[in-house]
Q: 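So that we are looking at the same thing, I have put the structure below in structure tokens.
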Amino acid sequence: MNKQTSHPITEHIIQLLHLLQTNHIELNQILTDSRQTSLLSPEETRELRAVCGFLDEVSCGILIYQADDSHQTLYANSGLIRIFQCKSTIEFQEFTGNSFQGMVHPDDLNTVDKRIHVQASTEHDHSGCVVYRICCRDNSIRWVENYSHMIHCKNIGYFVCSFISDITDWQKQQQQQLNQALDKANMAAVAKNAFLTNISHDIRTPLNAILGFTSLAKNSLDDTENLTDYLNRVETASKKLLDMLSQVLEVTALSASDELTNVDCDLRTLSQEVYDFLRPHAQEKNITYTLDCTGIKHSGINADQEKLRQIMLNLINNAITYTQSGGSVFITITEGDELPGQEAAYYITVKDTGIGIGEQFINHIFEPFSREKNSTLSGIHNIGLGLTIVKSIVDKMGGTIDAKSVVDEGSTFTVSLHLHTQSLPDEDTKNTETVQPPKQRILLVEDNEINREIETELLERMNFIIDPVEDGYTALNKMKQASPGDYDLVLLDLQMPIMDGWQTASAIRKLPDPELANIPIIALSASIFLKDYQRSEACGINAHLAKPMNLPVLVDTIEKLTK
Ligand code: ADP
């Protein structure tokens, strides 16, 4: 007997064939009378029973059939008979016509037959599997996975031995996952197309306002009242444009970054700040606007304050935006049970009496660029990224977000987070911290002339003393010639000719005088991807802020670093 595999099950099969061969038993007899063939000695009958018993125990189906054109079935174990939903060997034999062809779905037969022969003839075990459909006794069609080996017995010829597993449920699951992935991809593609169509319109709207009101302002230089109004409108439209760009960048940055920057902060103060910040928006629409923080037991928390602020800003801003004039927006921050490890559960709930969200759309509300109505229909110029950002942040913080809504009645968004609690500094400490520090001397490094001018003027108005230079090389020379105390801080653009901001910062950190080498450095740059922040950190830059300059944030950072 010649074999091409040495799998333990195959060994049993060879043993079985050997028994039959040495006793000249009709091979197909074993199917109908596998346990009681009278031609065997009692010892051989025991051996045959043991082998058949073993093969019946195997959970997958085992089939042996002749490798000639007849494909006549020689042996099928109980596992295979079960897969075919047959009650007995005889029923299986009748149902399949006692041949391999009778088992395979007619549409798959041709390819399956060829592939199994190729597979069975290869030298290696499990050289791959063949997947095909079978027709079962109960008329169902099931998917199976088939591994085959060719076995050769002297005098009686070649046999194919197949191990067959029912993979219908797995296949269904795979198909379902595939369909879901396809649906998602289709939805994302539709959303992306809608986004691209809308964004052009939505970006042009504030741009149009900027250009239009700038032109009006130029013609109203003597009319102070109108001039102020036009400039205010230019500012509002520019902020809107910046918001849109920030959101698009935020989504990219979020998917790239896993970092959370946890700091000790006061949840009640933070909520009040966000609430106050959006109050004018609510007042414009005459919306009843309420914040309830009475449910907070521990206001001191250790968390990523900026990310928490973003969550609240987006949810509250949406609630106001999607609520008609005269409606209501309620914000409630509550604290649930205390958890082990100085943690507590916090719930941020933003409820509105606005337009609500359709049943179908609510399932896709956190997907990027998804909007229920485009800007033309809704009259609202947003881009559909706010909730995607909120969801990414909440996921990153290990929390959950839930959206409930009824069309024309309103929506409720609830964020649940587990946050570390922290005792707050007492009032005395707070008071000493708010004492005004003296104004600082800043070496401002900025290659763009307009930016240099604006930054110098805005900072000088805040009483800082500014020494502006146009590139990193000049800045480094100034630092080399400076005495300790000449400058309190370096404010550095990053993308500059000759010597960029990162090179400049690295060179400053290597200056021989330790006081000069350790001067605080703030990068103020339009390079705001994760890799840019990482590079700044590696070059010893203390803080990296985004352009356009946010003056209060910049002043706050300067004061923190020079304290
Ligand atoms: P957008 O920038 O369009 O507001 P979001 O991701 O914040 O993007 O919201 C996606 C969409 O979800 C919105 O366009 C709007 O259709 C819907 N939506 C979000 N919040 C509310 C809400 N409070 N009430 C009604 N619809 C909302």
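Whatever order the structure lists ligands and atoms in, that order sets their numbers, starting from 1.
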Q: Report, in ascending order of atom number, the atoms of ligand 1 lying under 4.0 Å from any heavy atom of Gly386.
A: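 By the 4.0 Å cutoff, the relevant atoms are 5 (P), 6 (O), 7 (O), 8 (O).
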Q: Can you sort out which atoms of ligand 1 are near Leu387, meaning under 4.0 Å from one of its heavy atoms?
A: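 By the 4.0 Å cutoff, the relevant atoms are 5 (P), 6 (O), 7 (O), 9 (O), 19 (C).
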Q: Considering only heavy atoms from C-beta outward, does the side chain of Arg268 approach that of Ile301 to under 4.5 Å?
A: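 In short, these two side chains do not touch, never coming nearer than 4.5 Å.
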Q: At the 4.0 Å heavy-atom cut-off, does Phe366 count as touching ligand 1?
A: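 Not so, Phe366 does not reach ligand 1.
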Q: When you check the side-chain N and O atoms of Asp352 and Tyr322, is any donor under 3.5 Å from an acceptor?
A: no
Q: Please check if the distance between the ring centroids of Tyr289 and Phe330 is under 6.0 Å.
A: no
Q: So which bit of Ile357 gets within less than 4.0 Å of ligand 1, heavy atoms only: side chain, backbone, both or neither?
A: side chain
Q: Geometry only, no angles: is Ile365 polar-contacting ligand 1 at N/O separations under 3.5 Å?
A: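 Ile365 vs ligand 1: no N/O contact under 3.5 Å.
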Q: Should the proximity of Asp352 to ligand 1, defined as any heavy atom under 4.0 Å, be assigned to the side chain, the backbone, both, or neither?
A: side chain
Q: Ignoring hydrogens and angles, write down the donor-acceptor pairs under 3.5 Å from the side chains of residues 218-226, residues two or more places apart or on other chains.
A:
residue, atom, partner, partner atom, Å
Asn219, ND2, Ser215, O, 3.2
Ser220, OG, Leu216, O, 2.7
Asp223, OD1, Asn226, N, 3.3
Asp223, OD2, Asn226, ND2, 2.7

Q: Check this for me, if you would: do Asp276 and Arg279 make a salt bridge, where the nitrogen-to-carboxylate-oxygen distance has to be below 4.0 angstrom?
A: yes
Q: Does ligand 1 have any atom sitting under 4.0 Å from a heavy atom of Gly354?
A: no
Q: Between Phe413, Phe361, Tyr322, which one has a non-hydrogen atom sitting closest to atom 13 (C) of ligand 1?
A: Tyr322
Q: Determine whether Asn550 and Leu554 satisfy the following criterion, side-chain contact (heavy atoms from CB on, under 4.5 Å), listing intermediate values before the conclusion.
A: CA-CA 6 Å; Asn550 180 331; Leu554 177 60; over 6 Å; no
Q: Should the heavy atoms of other residues, nucleotides or ligands under 6.0 Å from NE2 of His281 be counted, would the total exceed 12?
A: yes
Q: Is Asn318 close to ligand 1, meaning an N/O of one under 3.5 Å from an N/O of the other?
A: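 Checking ligand 1 against Asn318, an N or O pair does fall under 3.5 Å apart.
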Q: Any idea which atoms of ligand 1 are less than 4.0 Å away from a heavy-atom of Ser411?
A: 22 (C), 24 (N), 25 (C)
